[in-house]
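What follows is a single structure, written as structure tokens, with notes after it.
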Amino acid sequence: MIDLRLLRDNPDAVRASQQARGDDPALVDAVLDADARRRSSLTDFESLRAEQKALGKKVAKAAGEEKAELLAHTKQLAERVKARQADANDAEREVDELLYRLPNVVEGAPPGGEDDYLVLRHEGRIRDFAAEGFTPRDHLDLGEGLGAIDTARGAKVSGSRFYFLTGVGARLELALLNAAMDQAVAEGFTPMITPTLVKPETMRGTGFLGAHADEIYRLEKDDLYLVGTSEVALAGYHADEILDLADGPRRYAGWSACYRREAGSHGKDVRGIIRVHQFHKVEMFSYCAVEDAAAEHERLLAWEEAMLRKVELPYRVIDTAAGDLGTSAARKFDCEAWLPTQDRYLELTSTSNCTTYQARRLGVRERTETGTRPVATLNGTLGTTRWIVAILENHQQPDGSVRVPEGLRPYLGGLEVLEPVA
RNA sequence: GGAGACGUCGCAUAGUCUGGUCUAGUGCGCCACCCUGCUAAGGUGGUAACGGGGCAACCCGUUCGCGGGUUCAAAUCCCGCCGUCUCCGCCA
């Protein structure tokens, strides 16, 4: 949720943001209208209520005829108070409803839709398989050859877009995620293993129940949601708390399973484990002062890139366009690894600066000299199951074996090459 | 799943039976000042969040786990829910 005061003081900035996202700027005026109604009905209610309280005190002290008279008056006042209170509550609900539909104000992202991203830079060397004299196999071929990935049985047990990681595949994922956790801990993050089922208010607070609600699994019987990332639980971790950020950002590294319905992506990335309903992820999450947020965003990006270097993948960094930002994000950088068998880049990391959007909804504040104010929240990927796709494809050798990047070897007992099983 | 106890301002607690004087008291912690030639101790004052109004000092409202209800009036009475603890049952 954005700052109502910003909306009042500078509605044009919010309208411009809506435009950049390709959303309706008229929503801004709807909120402003509702807010004006809310404030006037609130004033009505509060002055009546003050009157009622003052009379109540007189009633307490009065006796006999005087008391009877006061009671008669105060009785009908109570009716009016109740009515005005209902009006004020309705008006408040209306503002909330509209305000919740308003996405975060864009900060520096290029305008436009999904394809209007800006490529910031390319890193790493893309292999020339033609020059090496062989055609690269895709990750599923390789994974099956290594006895690492079993999608057929995944589908048998759970349906399409499910899989088993087997043998060296399971070890590879653990290695990757442990490497990510270790890096985070070395940088001062608090490691966390988080709940993957959360209450509606937590899910709503992180901004995932808006336009992209279809992506989320819901357990109707228990009124709980399965998270698509540990960001949700980590954002909720400090909900309704007042933090002391005087010593700098609070950084958490969340390890969790992630669940996504992948509604509306039928026929897209159906082969292998690129787009799946369940995977694991290590996620960085940071609570920091608003002034630090942009710099913290750069730091999260740098840590993501450090991990990509560790697994020796060629990638590019993109500045996501406004229309492709999540509801909560003001700006987002993705790192996309090169996928040799598809001649395209595949998103491996994503880091968002949500400024105060989530914190405002969740009630995460910090104490300052003048009072309290919402903090900024940021998140970024340090490793996911999907990374295995890029690792297998980019480090494959002509015989179907896969070279283990040096950064992962300590986590695989020194293993240097994954060999095909007979 | 069953029974009971509890949920109050950062922490601890009073207040709930018997509704109004609760503008929620007290202790600890914290902040400021004072006193004490150091230390320890002592004194005085201040110390929740959120919203509305105002240039401001300040004023008003909301919040005693959450949501309803009764009442002129609810921390206090009633109902539902959530959470914590204890015991019992069941089960990895």
Side-chain angles (χ1 to χ4, degrees), chain A residues 1-9 11 31-100 102 193-205 218-225 233 236-247 250 257 287 289-290 356-375:
Chain A
M1 151 169 79
I2 71 163
D3 187 359
L4 243 182
R5 238 162 239 150
L6 168 76
L7 197 71
R8 270 183 227 150
D9 296 346
V31 176
L32 285 174
D33 279 359
D35 181 49
R37 281 196 298 281
R38 175 186 70 105
R39 279 186 293 164
S40 85
S41 69
L42 193 60
T43 305
D44 286 354
F45 159 67
E46 286 186 348
S47 59
L48 269 183
R49 177 71 176 147
E51 193 184 334
Q52 184 188 33
K53 284 177 80 167
L55 274 176
K57 264 171 212 171
K58 278 193 194 163
V59 170
K61 283 179 192 137
E65 202 171 305
E66 193 193 356
K67 185 159 188 166
E69 229 168 82
L70 280 170
L71 277 181
H73 179 52
T74 203
K75 224 169 214 175
Q76 55 107 0
L77 183 61
E79 293 289 310
R80 287 164 62 208
V81 168
K82 207 168 247 179
R84 289 285 86 79
Q85 178 162 37
D87 290 348
N89 286 345
D90 288 350
E92 174 119 42
R93 206 167 311 127
E94 202 188 332
V95 173
D96 282 350
E97 211 170 283
L98 289 166
L99 199 56
Y100 263 61
L102 205 56
I193 295 174
T194 64
T196 52
L197 285 167
V198 300
K199 296 189 199 177
E201 61 253 43
T202 306
M203 193 54 94
R204 201 175 314 115
R218 171 153 186 255
L219 278 76
E220 192 149 358
K221 260 193 180 169
D222 303 283
D223 201 15
L224 291 168
Y225 291 93
Y237 187 69
H238 284 304
D240 296 318
E241 293 182 24
I242 298 172
L243 306 177
D244 182 1
L245 296 179
D247 297 331
R250 291 239 199 161
Y287 294 90
V290 212
T356 57
Y357 192 85
Q358 293 177 328
R360 211 177 287 281
R361 290 185 171 200
L362 291 165
V364 189
R365 290 155 293 164
E366 65 167 325
R367 197 170 293 287
T368 65
E369 276 165 22
T370 49
T372 68
R373 61 171 191 177
V375 304

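Residue numbers begin at 1 in each chain, while the letters A, B, ... track the order of the sequences.
Here the separation of B:A73 from B:C88, taken at their P atoms, is 46 Å to the nearest Å. For the C1' atom pair drawn from B:C82 and B:G19, the interatomic distance equals 26 Å after rounding to whole Å. Going from the C1' atom of B:C77 to that of B:C72 covers 16 Å, rounded to whole Å. Only the C1' atoms considered, B:G1 is 34 Å distant from B:A74, to the nearest whole Å. Rounded to the nearest Å, the gap between the C1' atom of B:U63 and that of B:G7 is 15 Å. Taking the P atoms as reference points, B:C79 lies 38 Å from B:A92, given to the whole Å. Straight-line distance between the P atoms of B:C60 and B:U44: roughly 28 Å, to the nearest whole Å. If you take atom P in B:G37 and the same atom in B:C58, they sit 37 Å apart, rounded to whole Å.
Between A:Arg93 and A:Asp90 there is a salt bridge, with a side-chain nitrogen of the basic residue lying less than 4.0 Å from a carboxylate oxygen of the acidic one. Salt-bridge check for A:Asp35 with A:Arg8: passed, with a basic side-chain N closer than 4.0 Å to an acidic carboxylate O. Comment: A:Arg373 engages A:Glu366 in a salt bridge, judged by a side-chain N to carboxylate O separation of less than 4.0 angstrom. Between A:Arg365 and A:Asp240, no side-chain nitrogen of the basic residue sits less than 4.0 Å from a carboxylate oxygen of the acidic one, so the salt-bridge criterion is not met.
Pair check for B:A41 finds none; no Watson-Crick or G-U wobble contact set falls under 3.5 Å. Base pairing of B:A48: its partner is B:U63, meeting the Watson-Crick or G-U wobble criterion (both donor-acceptor distances under 3.5 Å). With a cut-off of 3.5 Å on both Watson-Crick or G-U wobble distances, the partner of B:C91 is given as none. B:A12 is paired with B:U26 under the criterion used here, namely a Watson-Crick or G-U wobble arrangement in which both key atom distances are under 3.5 Å. Both distances falling under 3.5 Å, in either a Watson-Crick or a G-U wobble arrangement, occur for no nucleotide opposite B:G19. Using Watson-Crick or G-U wobble geometry with both donor-acceptor distances under 3.5 Å, B:C35 finds no partner in any strand shown. Nucleotide B:U71 forms a pair with no other nucleotide shown, judged by Watson-Crick or G-U wobble geometry with both contacts under 3.5 Å. The nucleotide B:U86 finds its pairing partner in B:A3, both defining distances of the Watson-Crick or G-U wobble pair being shorter than 3.5 Å.
The distance from the CG atom of A:Leu219 to the CG atom of A:Leu224 is 6.5 Å, given to the nearest 0.5 Å.
You'll find that the side chain of A:Lys75 is closest to B:C72, out of B:G52, B:A49, B:C72. Distances from the side chain of A:Ala78 to the nucleotides B:A73, B:C50, B:G52 place B:A73 closest.
To the nearest angstrom, P of B:G53 lies 16 Å from CZ of A:Phe45. Note: CD (A:Glu201) to P (B:G83) measures 11 Å, nearest angstrom. We find that CG of A:Leu4 is positioned 13 Å from C1' of B:G52, with the value rounded to whole Å. Summarising the geometry, the separation between CD on A:Gln85 and P on B:G51 is reported as 18 Å, rounded to the nearest angstrom. The nearest whole Å value for the distance from the CG atom in A:Asn89 to the P atom in B:G61 is 17 Å. Rounded to an integer number of Å, the gap from CG of A:Leu42 to P of B:C50 is 16 Å. Between A:Glu241 atom CD and B:C9 atom C1' there is a gap of 17 Å when expressed in whole angstrom units. What separates CD of A:Glu51 from C1' of B:G61 is a distance of 14 Å, to the nearest Å.
Here A:Arg80 lies out of heavy-atom contact (under 4.0 Å) with every strand. Counting non-hydrogen atoms under 4.0 angstrom, A:Gln52 reaches the backbone sugars and phosphates but no base. Among the protein residues, A:Arg5 comes within range of the sugar-phosphate backbone only, with heavy atoms under 4.0 Å from sugar or phosphate atoms but none that close to a base. Across all strands, A:Arg360 comes closer than 4.0 Å to no nucleic acid atom at all (heavy-atom distances).
Contact annotation: A:Arg367 side-chain N/O to B:A49 OP1/OP2 distance is under 4.0 Å. The shortest distance between the side-chain N/O atoms of A:Arg38 and the OP1/OP2 oxygens of B:G52 is below 4.0 Å. An OP1 or OP2 oxygen of B:G53 is reached within less than 4.0 angstrom by a side-chain nitrogen or oxygen of A:Arg39. Residue A:Thr74 has no polar side-chain atom (N or O) positioned under 4.0 Å from OP1 or OP2 of B:A73.
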Distances for protein N or O near nucleotides 57-60 of chain B N or O, under 3.5 Å:
none

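In this structure a side-chain-to-backbone donor-acceptor pair under 3.5 Å is missing from A:Thr202 to A:Val198. A side-chain donor-acceptor contact under 3.5 Å links A:Arg361 to the backbone of A:Tyr100.
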query = Which is it for A:Leu243 and A:His238 under the side-chain contact (heavy atoms from CB on, under 4.5 Å) test, yes or no, and what are the steps along the way?
reply = CA-CA 8 Å; A:Leu243 306 177; A:His238 284 304; 3.5 Å; yes
request  = I would like to know whether A:Leu4 and A:Leu99 meet side-chain contact (heavy atoms from CB on, under 4.5 Å); could you show each step before the answer?
outcome  = CA-CA 8 Å; A:Leu4 243 182; A:Leu99 199 56; 4.0 Å; yes
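Comparing A:Leu55 and A:Asp35 against RNA chain B, the residue whose closest nucleotide sits nearer the 5' end is A:Leu55.
Heavy-atom minimum distance, A:Tyr225 versus A:Pro200: CE1-CA, 3.6 Å.
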